[in-house]
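Read through the structure below, which is laid out as structure tokens, and then see the notes.
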Amino acid sequence: MSWHPLETITTSSPPPPSSPSSVNRTASIAGSSSESQVCSSAPSMYASQILLQYLPIPKSLKHPSNASQNSFLTTFKPSSKTTLKLRAILSENSLLSEDGSLFKHCFTKSEDGYLCCEGLRVEDVMNNVEKSPFYLYSKPQITRNFQAYRDALEGLDSIIGYAIKANNNLKILEHLRKLGCGAVLVSGNELRLALHAGFDPTRCIFNGNGKLLKELVLAAQEGVFVNVDSEFDLDNIISAARIAGKKVNLLLRINPDVDPQVHPYVATGNKNSKFGIRNEKLQWFLDAVKAHPNELKLVGAHCHLGSTITKVDIFWDAAVLMVNYIDQIRAQGFKIDYLNIGGGLGIDYYHTGAVLPSPRDLIDTVRELVLSRDLNLIIEPGRSLIANTCCLVNHVTGVKTNGTKKFIVIDGSMAELIRPSLYDAYQHIELVSPSSPGAGISTFDVVGPVCESADFLGKDRELPTPASGAGLVVHDAGAYCMSMASTYNLKMRPPEYWVEEDGSVAKIRHAETFEDHIRYFEVLVELPNYGNSNSDGKPLKLL
Ligand SMILES: Cc1ncc(COP(=O)(O)O)c(C=O)c1O
């Protein structure tokens, strides 16, 4: 193994479901006679019944390094054990893909018990990077995940809008953009980042329940699709269109009230959610759009049910409701071309080998509905594109017990990876190398050094007792981990690396440093005295 000049390590080794159980309430548009017919007959129906009645369905980081990192890089000496001849084997959670070939997952165990990423020992990467913990991705796995969606969508007009909130690493965004992704954005800065990464704005969708006017102006200027979330949101979109001097392509984010059967914190499409418009208000929105032909062009309908969804019939239920809305909206003269069914497909966090729905299962579930209405399908995957491409790699600091419980204390924490603390989420944990023969297996909580009892990465995990300094990974850390990382307890955000197609390792984000933190306090100035004064009439000071 040797470092590439630009911070790169190389290695020499090489059918629609049947039960619509998730529908809580059926759709209606209040206020028009044809709709009230639907309304009056619909409430007790399941989505599939509505469908039958109303819908005729034809059947490396080659990032300029800073001085200190360069000095680290130039002092690295390849060690003999890094001449790798590991055979990439399939992980325990390998699956058969549709064509019968084995689904290849990037993280695998070698026959001699070492965890590998694309055939490269994680331990070797640990020995050659400057900081711990760090995120380690497989670039080829990102490509494979994208290809699964692209292949599934064959025969449909579609946009794969990658949900940037899942992971906003610029290098990953550029890679996904080159593969053909659009982008899904939930803030003005995500929009700016998407533009920076070269995404085609006309394949981007701006979501959110609290979009600001200035963010909407940028979206309008750039020609991004905008999802309408509320009455005030529509007002702001109209203002933004006027300021930008451009018509905005709109999708109505309808809350279909479908229960995604996930943790309440990641459910977004049910009745009590803060997202989307209530279906009873749909007619109000249609009238408002009609009243602003110079500012607004209604082109589609959107829903997003939630995240970590593991049953595709939930998407079917939502799609049935959504095409019903689209039929009704079209009946009022709107030219609706897009159905956006959001993101939300779950992944196998438990590594039990469970066969979860694939992108193909998801798309096949809605395919006929989409074709029957001649719609362009937008999907917004985040987690299912990026989560399984990455591990958080940590060092074990030590092992302790409080008398009743045993703890493995690692250098990573809830600051770098908050999902277990925030959602009680399970992420699979394992050691990167075979344990010594005498190491007994025990049940441990895997915890970080952050001063919070909520600082755990895993609870009650059966693991061999690790030595201090051993490597330990938290799997499936590609989505909602680094993008949710904080600097709590001044644990600065970790660096990110990926293994490339040729087996080399490239840094794709620098570690944040203590010096970065200090910089926020440099050259602080008094606020100018534009009437900003305290009760004594003296100017307010920042310090
Ligand atoms: C509107 C919207 N679209 C897409 C996504 C991505 O979801 P996931 O990462 O579960 O695919 C989210 C995430 O919650 C979202 O809120």
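Heavy atoms only: backbone and side chains are in, while hydrogens, waters and symmetry mates are out. Every number for a ligand or one of its atoms is a count from 1 in the order of the listing.
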Should the pair H304 and H302 be assigned to parallel (<30°), tilted (30 to 60°) or perpendicular (>60°) ring geometry?
-> parallel
Would you say N207 has any N or O atom under 3.5 Å from an N or O of ligand 1, going by distance alone?
-> no
Validate the cation-pi geometry between R461 and Y426: distance from NZ or CZ to the six-membered ring centre under 6.0 Å, angle to the ring axis within 45°.
-> yes
Enumerated ligand 1 atoms positioned under 4.0 Å from heavy atoms of G344 = 7 (O), 8 (P), 10 (O), 11 (O)
Look only at interatomic distance and state if T308 has a nitrogen or oxygen under 3.5 Å from any nitrogen or oxygen of ligand 1.
-> no
Taking only non-hydrogen atoms of R253 and a 4.0 Å limit, the atoms of ligand 1 in range are 1 (C)
Enumerated ligand 1 atoms positioned under 4.0 Å from heavy atoms of Y480 | 6 (C), 7 (O), 8 (P), 9 (O), 13 (C)
Under a 4.5 Å cut-off applied to non-hydrogen side-chain atoms, are K335 and V299 in contact?
-> no
Whether G342 lies under 4.0 Å from ligand 1, heavy atom | no
Answer yes or no for K131 and F134: cation-pi contact, defined as NZ/CZ to six-membered ring centre under 6.0 Å and angle to ring axis within 45°.
-> no
Please confirm whether H302 comes within less than 3.5 Å of ligand 1 when only nitrogen or oxygen atoms on both sides are compared.
-> no
Consider every N or O of E380 and every N or O of ligand 1, then say whether any pair is closer than 3.5 Å.
-> yes
Within a strict 4.5 Å, meaning less than it, do heavy atoms of the I341 and L377 side chains meet?
-> yes
Evaluate the ring planes of H351 and H428, with Trp represented by its six-membered ring, and classify them as parallel (under 30°), tilted (30 to 60°) or perpendicular (over 60°).
-> parallel
Between the side chain of E154 and the main-chain N/O of R150, is any donor-acceptor distance below 3.5 Å?
-> no
Heavy atom under 4.0 Å from ligand 1: found in P381's side chain, backbone, both, or neither?
-> backbone
For R383, is at least one N or O under 3.5 Å away from an N or O on ligand 1?
-> yes
Would you mind running through ligand 1 and noting each atom that sits below 4.0 Å from a heavy atom of G343?
-> 4 (C), 11 (O)
Strictly by modelled atom types, are Y137 and N167 linked by a side-chain donor-acceptor pair under 3.5 Å?
-> yes
